[in-house]
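First comes the structure, then the notes that go with it.
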Amino acid sequence: IVFGEILVLAIATGLYFSDWVVGVGVAIGLIILLQIKVITAIVLILLSVFWGLVAYAIADYFAWGTGATIAVVLIAAAGTGGAHIGFYEWQSDMDTE
């Protein structure tokens, strides 16, 4: 799931800046950052927060009300957070140090 997120972010930034080099740079940069254990944790937390913000924007767009918006944000952040924890543990298991 993390590599899919990197792909989505790379495409989104490339389209936003209308330059494919920016998208490729984002993809390569994030893949390199995932090789450093401390930075990996920070990147994964930021990705979870990002998906929480995306969920907030979607819930706010549909005007579901404050309670529903908070519930959607918490579910999205917890779900992606769990997936990111799984990735972090998998990456730790694959570490050969």
Side-chain angles (χ1 to χ4, degrees):
I1 190 166
V2 173
F3 295 111
E5 290 173 335
I6 290 173
L7 180 65
V8 168
L9 287 173
I11 291 170
T13 54
L15 290 174
Y16 179 77
F17 290 106
S18 300
D19 191 2
W20 65 271
V21 176
V22 174
V24 171
V26 167
I28 291 172
L30 284 173
I31 290 171
I32 290 171
L33 288 177
L34 288 178
Q35 303 306 312
I36 304 168
K37 195 167 188 82
V38 174
I39 295 177
T40 298
I42 294 168
V43 168
L44 295 177
I45 290 169
L46 291 175
L47 282 172
S48 295
V49 170
F50 170 74
W51 288 115
L53 292 174
V54 168
Y56 173 79
I58 292 170
D60 190 50
Y61 174 78
F62 288 112
W64 289 336
T66 305
T69 300
I70 292 171
V72 168
V73 168
L74 291 176
I75 290 169
T80 58
H84 293 142
I85 289 170
F87 174 80
Y88 188 78
E89 290 176 354
W90 172 81
Q91 189 180 32
S92 296
D93 290 343
M94 296 294 119
D95 193 11
T96 58
E97 288 183 47

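Bear in mind the structure is a predicted one, so any value in this text is a computation, not a measurement. Index from 1, following the sequence.
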Where at least one partner belongs to residues 30-40, residue pairs that pass side chain to side chain donor-acceptor pair (under 3.5 Å), sequence neighbours excluded: Lys37-Ser92

Cluster overlap Ile6 with Leu46, hydrophobic side-chain contacts below 4.5 Å: no

Side-chain heavy atoms under 4.5 angstrom apart, residues restricted to Ile, Leu, Val, Met, Phe, Trp, Tyr: same cluster for Met94 and Ile36? yes

Are Ile39 and Val26 grouped together when hydrophobic residues (ILVMFWY) are joined by side-chain heavy atoms under 4.5 angstrom apart? yes

Quick one, Tyr56 and Val72 - any side-chain contact, counting heavy atoms below 4.5 Å? no

Which residues pass the side-chain hydrogen bond (donor to acceptor under 3.5 Å, both in side chains) test with Ser48, sequence neighbours left out? His84

Starting from Leu7, walk the hydrophobic network (Ile, Leu, Val, Met, Phe, Trp, Tyr; side-chain heavy atoms closer than 4.5 Å) and list everyone else you reach, by chain and number. Ile11, Leu15

Could you pull out all residues at least two apart from Ala76 that satisfy side-chain contact (heavy atoms from CB on, under 4.5 Å)? Ala55

Which residues pass the side-chain contact (heavy atoms from CB on, under 4.5 Å) test with Ile28, not counting sequence neighbours? Val24, Ile32

What's the spacing between Ile1 CD1 and Thr80 OG1 if we round to 0.5 Å? 7.5 Å

Ile70: what forms a side-chain contact (heavy atoms from CB on, under 4.5 Å) with it, not counting sequence neighbours? Thr66, Leu74

Are Ile31 and Leu44 linked, directly or through intermediate hydrophobic residues, by side-chain heavy-atom contacts shorter than 4.5 Å (ILVMFWY only)? yes

CD1 on Ile85 to CD1 on Ile45, rounded to 0.5 Å: 9.0 Å

Any residue meeting ring pair (Phe, Tyr, Trp, His ring centres under 6.0 Å) with Phe62, in chain and number order, not counting sequence neighbours: Trp64

Can you list everything that forms a ring pair (Phe, Tyr, Trp, His ring centres under 6.0 Å) with Phe87? Sequence neighbours excluded, please. Phe3, Trp90

Residue pairs passing the side chain to side chain donor-acceptor pair (under 3.5 Å) test where at least one lies in residues 10-31, sequence neighbours excluded: none

Partners meeting side-chain contact (heavy atoms from CB on, under 4.5 Å) with Leu9 (sequence neighbours left out): Leu30, Leu47, Phe50

